[in-house]
Protein chains: 2
Amino acid sequence: MSTDIDTSSKSLSGKRISESTINRLSLYYRALSLLEKEGYETVSSKVLARREKLTPAQVRKDLSFFGSFGTRGLGYPVADLKKEIAVILGIDRVWRVALVGIGNIGSALVSYKEFARQGFQIVKLFDNDQRKIGSNHKGIIVSDINNLATELAEDNIEMVVLTVPATVAQYIVDEIVKAGIKAILNFAPVNLKVPDDIYLRNENMSMELEYLSFAIVNNHTQKKVKL
Amino acid sequence: MSTDIDTSSKSLSGKRISESTINRLSLYYRALSLLEKEGYETVSSKVLARREKLTPAQVRKDLSFFGSFGTRGLGYPVADLKKEIAVILGIDRVWRVALVGIGNIGSALVSYKEFARQGFQIVKLFDNDQRKIGSNHKGIIVSDINNLATELAEDNIEMVVLTVPATVAQYIVDEIVKAGIKAILNFAPVNLKVPDDIYLRNENMSMELEYLSFAIVNNHTQKKVKL
DNA sequence: AATGTAATGTGAAAAGCTTCACAATTGAAT
DNA sequence: ATTCAATTGTGAAGCTTTTCACATTACATT
């Protein structure tokens with residue numbers, strides 16, 4: 001994991017919402033989905049916190065930035081709160097996503113059900129390899145990356161997942177930006193330069209292993225959930 | 001991305017090193033590798049910072065937790081600093097890693113070169129599916145998950161990458177813990193319970209897309225690099 | 001109707017993290 | 001040998017995030 005978008009935005013009424021808060025909303029959403037399936041109608045900040053290894057105060061504070069969703073003495077209505085969070089996160093809709101780079105990680109993500117489950121629909125694939133162009137992945141035909149700009153526009157793509165080699169990532173991201181895409185999730189282990197108005201986020205899987213390595217070697221003590 | 005290991009550990013001389021600092025060490029390491037290839041002998045905190053969209057003060061502060069690696073007026077010696085960071089992160093060696101769950105993501109990670117490049121060698125694969133057990137992935141034969149405990153021990157495995165479905169992840173992680181593994185990188189979108197002495201880290205790829213979604217919907221302004 | 005219990009929402013305090021700013025130090029130039 | 005320019009290392013300040021603690025409110029019970 002890793003990124004480029006700010007932490008301190010003024011989203012709502014001028015309040016600054018931290019990145020950590022947004023990330024925790026994702027966790028709450030996931031926990032609420034589960035609670036809903038388990039048949040719970042309400043849930044307290046205490047229970048929600050325990051489920052995601054956070055504190056009740058943190059849960060209440062996070063939610064309070066966006067409104068008053070609970071009932072004193074009772075807790076939060078599971079189904080309603082889930083919907084509210086979906087609206088806040090913008091996942092109460094389907095996002096049309098393109099994926100560029102049909103390598104190991106890229107092809108895996110095409111079949112990754114969790115994306116679709118959260119409303120991120122991969123509807124377009126691109127590669128520069130003639131052997132891959134025209135091939136079918138989960139019902140999607142791989143397009144030639146040279147047609148990126150026109151095809152992204154034609155298909156109303158709003159986000160791009162970038163799974164190309166690090167060496168070409170900057171070139172490709174420039175093309176994606178030129179094509180008018182505003183949100184990019186980059187898996188290449190490289191720091192990409194993008195204009196200020198582009199949302200870029202980096203997924204750096206080695207970094208997580210490096211953290212584990214550091215933890216073992218330095219006898220790190222455990223305390224909190226990292227987001 | 002995402003986890004379970006603390007942020008505020010006392011690794012060295014009682015100093016607390018934050019998780020952000022550790023994550024930035026990974027970035028510095030990557031930047032230094034590149035600088036080394038480009039032929040630089042020294043680098044200033046200013047240049048290093050610019051490469052990873054951080055501030056020079058941040059770079060200096062981070063490094064100062066671990067020692068004095070620079071020369072005033074000159075900067076940091078690229079090759080040496082890279083080695084120092086490798087030692088700090090514990091990546092100046094090879095880690096023997098097992099991967100459990102040969103699905104989409106799992107098989108992609110077996111071929112993910114970036115892991116090997118950082119010293120994380122996947123040497124063992126497990127699955128519970130009879131059709132997969134015995135099959136060969138990049139030279140590794142998939143083992144039966146029922147032999148997890150004995151085979152992990154026999155092979156001196158120190159870390160496990162977990163790419164099983166969310167529904168079975170808790171069960172599997174319990175087995176992994178029983179087998180004596182202390183570090184786990186979990187890709188299942190579920191909050192796993194582990195004893196306090198186990199290092200667990202979560203990679204949550206949907207969370208990153210959800211952040212992008214939030215950013216677009218709420219007109220988030222950009223400022224910093226997220227780690 | 002009154003009392004008791006549970007649990008939110010939130011200012012304020014505490015803790016943690018980042019940036020500032022400057023003394024100290026090095027190498028280069030004169 | 002002296003001066004100048006560059007750049008580190010670091011305490012202190014500033015800012016952000018988390019936690020605390022409590023008034024408030026809703027429901028259940030008597």
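- Per the geometry, CZ belonging to B:F66 stands 16 Å off C1' belonging to D:dT10, to the nearest Å.
- Regarding A:D62, its CG atom lies at a distance of 17 Å from the P atom of D:dT16, rounded to whole Å.
- A distance-only check finds no donor-acceptor pair linking the side chain of A:K193 to the backbone of A:D174 [under 3.5 Å].
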Donor-acceptor pairs under 3.5 angstrom involving side-chain atoms of residues 85-96 of chain A: please list them, not counting sequence neighbours.
{"from": "A:R93", "atom 1": "NH2", "to": "A:E158", "atom 2": "OE1", "distance (Å)": "2.7"}
{"from": "A:R93", "atom 1": "NH2", "to": "A:E158", "atom 2": "OE2", "distance (Å)": "2.9"}
{"from": "A:W95", "atom 1": "NE1", "to": "A:G90", "atom 2": "O", "distance (Å)": "2.7"}
{"from": "A:W95", "atom 1": "NE1", "to": "B:S213", "atom 2": "OG", "distance (Å)": "3.2"}
{"from": "A:R96", "atom 1": "NE", "to": "A:D155", "atom 2": "O", "distance (Å)": "2.8"}
{"from": "A:R96", "atom 1": "NH2", "to": "A:D155", "atom 2": "O", "distance (Å)": "3.3"}
{"from": "A:R96", "atom 1": "NH2", "to": "A:D155", "atom 2": "OD1", "distance (Å)": "3.0"}

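- When rounded to the nearest whole Å, the span between CD of B:Q58 and P of C:dC20 equals 11 Å.
- At least one donor-acceptor pair closer than 3.5 Å links the side chain of B:T163 to the backbone N or O of B:V100.
- Here B:F69 pairs with nothing under the ring-ring contact (aromatic ring centres under 6.0 Å, His included) rule; sequence neighbours left out.
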Can you tabulate the close N/O pairs, meaning under 3.5 Å, that link protein atoms to atoms of nucleotides 12-14 of chain D?
none

I'd like a table of atom pairs between the protein and nucleotides 28-30 of chain D - only N or O on both sides, under 3.5 Å - with the distance next to each one.
none

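- When side chains are defined from C-beta on, B:T71 does not count as touching B:T42, because their heavy atoms never get closer than 4.5 Å.
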Item to check | Derivation and outcome, side chain to side chain contact (heavy atoms under 4.5 Å, CB included), residues A:F66 and A:L25 | outcome: CA-CA 11 Å; A:F66 302 96; A:L25 288 184; 3.7 Å; yes
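- Atom pair A:R24:CZ and D:dT16:C1' shows a separation of 12 Å (rounding to whole Å applied).
- Residues of residues 73-87 of chain A having a heavy atom closer than 4.0 Å to DNA chain D: none are found.
- Among residues at least two apart or in separate chains, salt bridge (charged side-chain N to carboxylate O under 4.0 Å, His left out) pairs with a member in residues 68-84 of chain A are A:E36-A:K82.
- As a whole-Å value, the separation of B:L54 CG from C:dC20 C1' is 17 Å.
- The CG atom of B:L162 sits 5.0 Å away from atom CG of B:N186, with the distance rounded to the nearest 0.5 Å.
- Remark: A:A179 pairs with A:A149, A:L152 by the side chain to side chain contact (heavy atoms under 4.5 Å, CB included) rule, at least two apart or across chains.
- Partners of B:R51 under the salt bridge (charged side-chain N to carboxylate O under 4.0 Å, His left out) rule, at least two apart in sequence or in another chain, are B:E38.
- A:L209 contributes atom CG, which lies 5.0 Å from atom CG of B:L185 (distance to the nearest 0.5 angstrom).
- Side-chain N or O atoms of B:K53 include one that pairs as donor or acceptor with a backbone N or O of A:L192 at under 3.5 Å.
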Using a cut-off of under 3.5 Å, enumerate the N/O to N/O pairs linking the protein to nucleotides 21-24 of chain D.
{"from": "D:dA21", "atom 1": "N6", "to": "A:R60", "atom 2": "NH2", "distance (Å)": "3.2"}
{"from": "D:dT24", "atom 1": "O2", "to": "A:R72", "atom 2": "NH1", "distance (Å)": "2.7"}

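- Between B:E19 atom CD and D:dT17 atom P there is a gap of 15 Å when expressed in whole angstrom units.
- When the P atom of D:dT16 is taken as reference, atom CD1 of A:I17 falls 13 Å away, rounded to whole Å.
- Scanning for side chain to side chain contact (heavy atoms under 4.5 Å, CB included) contacts around A:S206 gives A:N204, A:E210, B:Y112, B:E114, B:F115, B:Q118, with sequence neighbours left out.
- Taking a 4.0 Å limit (strictly below) on heavy-atom distances, residues 34-47 of chain B does not reach DNA chain C anywhere.
- A distance of 8.5 Å separates CG of B:N191 from CD of B:Q170, quoted to the nearest 0.5 Å.
- In this structure, B:T55 reaches the C:dT19 phosphate: one of its side-chain N or O atoms is under 4.0 Å from OP1 or OP2.
- Applying the side chain to side chain contact (heavy atoms under 4.5 Å, CB included) criterion to B:S45, with sequence neighbours excluded, gives B:P56, B:V59, B:R60, B:Y76.
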Next on the checklist: Assess the residue pair A:R30 and B:M207 against the criterion (side chain to side chain contact (heavy atoms under 4.5 Å, CB included)); give the C-alpha distance rounded to whole Å, side-chain angles, the decisive distance to 0.1 Å, and a yes or no.
Outcome noted: CA-CA 10 Å; A:R30 192 176 73 182; B:M207 191 186 270; over 6 Å; no
